[in-house]
Amino acid sequence: MSTSLAPYHALVWLRDDLRTDDHPALTEAIRLARQHNGRVTAVYILDEALWSRPLGGASRWWLHHSLAALADDLQRLGVPLVLRQGDLRQQLADVVRQGSVQAVLCNRGQTPFLRRCEAAAREALEPLGCPLLAGGGELMVEPDKILTGSGQPYRVFTPFWKALSQHHQPKAPLPEPEALGPGVAPVISGLTLASLALLPSTPDWAGGLRKSWQPGQAGARRCLDAFLQGSVARYGSQRDFPAQPATSRLSPHLRFGELSPRRLWDAVIALHGADGMPFLREVGWREFNHHLLFQWPEMATVPLKPEFTRFPWRDDQREFQRWCRGLTGFPIVDAGQRELWQTGWMHNRVRMIVASFLVKDLLLPWQWGEEWMWDTLVDACPANNPGNWQWVSGCGADAAPYFRVFNPSLQAAKFDSDGLYQRRWVPESAAPGDDLFAAASTRRRYPLPMLDHGAARDRALAALASLKPDPDTV
DNA sequence: TGCAATTTCGC
DNA sequence: CGAAATTGC
């Protein structure tokens, strides 16, 4: 390659790392380009046939706007963003040929799927004599680097968290690289963002998402700054009250890599020290779920506790639809589902309540709920979504025991005692504190509870008991 | 990061 | 006798 007459050209291959701050691959590419007096181009390749699962609708919406923001951010650094669609191997090879690229750099993927993509990319690049340099990563600690004393991966969160927070100080985040000087990279053909067809059109259901979010690195930074100035120190005491704006709302930004967890960790510790730990513990769950996904690539569909493959799930599409649409007749459950439908996000406390309701009250398979949220959440993450569903369902590695059944009315009384959250999303329900006379005129439109929670709880516990051989009958 | 029944505590 | 701790699902 050194004999090539073409100027040095490095390619940054972007996936779930749509930012310029703390970006090891971009930083290294720009360093190399400077060293060789060359240029850098970035590429995003949408290869849905290769994906382990198609991106959900809300995620597609987010990705569109995140790519739009990223193109601007990169432009400021003198790096054009090329969009491609189709077979990863072909597209990557074509881009490398067209641009006479000498090296492809990426942040090492942190899911089994992204690692397979890297293997495919290497295969495609080898005949071209072009190396793939994968480094950095999107976690605080690489998913195979935190091990128990006996060298095994952790299966329990608390010791994992202890090891992570005490023995694995995350690497310091890298600054955004300095912009390249004037000059242009060899032109590589690409698609327009619109032609990727990531946005919903008929109908356009994204109005609520547009009002709720600013995808992209600048939006992530805004969320982070607001959280750092405001509620991070109160997070531990306030986070469970869904009517309060006490959470960070950073999850979709982390999902698409618009903010690196190392930057987040660094900023929280720098400003709040130990007061930031209750929040960082949740970032620790994100790490834990990614580490789990590495051990169990089938985590999205296969229960980690094998006995749960025999669980007597019910099969009732009509009841599932009521749950999805927020028509269960339990205001806290329905409020959560409507917040999700309208904004692409749901408060974490309410996620636990609605998930428990699906799995334990309705006895419907957790995989149905996982798929629903995969499609509707803007933060739908291949590690967190299955990991959290398995946790709630009691079939995860370090799960809540199955007999922990959330009582929706008690949860509402504890965490939304004035009914503010429930009335915000389900105004037609008569939540506590409502003017009963006003509510009476509209109550007809709100369904009665679809089941008796006490009876449902008994049924769930009986179903669990059926998994274990009865010691008396052996 | 559950709930409810039961026992013990503290006055 | 109500609050708090304990226990089992």
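In what follows, chains are A, B, ... by sequence order, proteins preceding strands, each numbered from 1.
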(message) Side-chain N or O of A/N348 versus OP1/OP2 of B/dT1: is the shortest distance under 4.0 Å?
(response) no
(message) It should be established whether A/Q411 places a side-chain nitrogen or oxygen under 4.0 Å from OP1 or OP2 of nucleotide B/dC3.
(response) yes
Interatomic distance where [atom1] belongs to [X] and [atom2] belongs to [N] [whole Å]:
| X | N | atom1 | atom2 | result |
| --- | --- | --- | --- | --- |
| A/L461 | B/dC3 | CG | P | 13 Å |
| A/H453 | B/dC3 | NE2 | C1' | 8 Å |
| A/F403 | C/dC9 | CZ | P | 9 Å |
| A/F406 | B/dG2 | CZ | P | 6 Å |
| A/L464 | B/dG2 | CG | P | 16 Å |
| A/F415 | B/dC3 | CZ | C1' | 12 Å |
| A/L467 | C/dC9 | CG | C1' | 14 Å |
| A/I332 | B/dG2 | CD1 | C1' | 15 Å |

(message) Categorize A/K360 for me: base, sugar-phosphate, or nothing, with a 4.0 angstrom heavy-atom threshold over every strand shown.
(response) nothing
(message) Classify A/L410 by what it touches in the nucleic acid, base, sugar-phosphate, or nothing, heavy-atom distance under 4.0 Å.
(response) sugar-phosphate
(request) Give a yes or no on whether A/W205 atom CH2 has more than 12 heavy-atom contacts from other residues, nucleotides or ligands under 6.0 Å away. (result) yes
(message) Would you say that more than 12 heavy atoms from the other residues, nucleotides or ligands in this model lie under 6.0 Å from the NZ of A/K305, or not?
(response) yes
(message) Against A/R53, only a single residue in A/E48, A/E370, A/E298, A/E371 fulfils salt bridge (charged side-chain N to carboxylate O under 4.0 Å, His left out); can you say which?
(response) A/E370
(message) Side chains of A/Y402 and A/V359, heavy atoms from C-beta outward: is any pair under 4.5 Å?
(response) yes
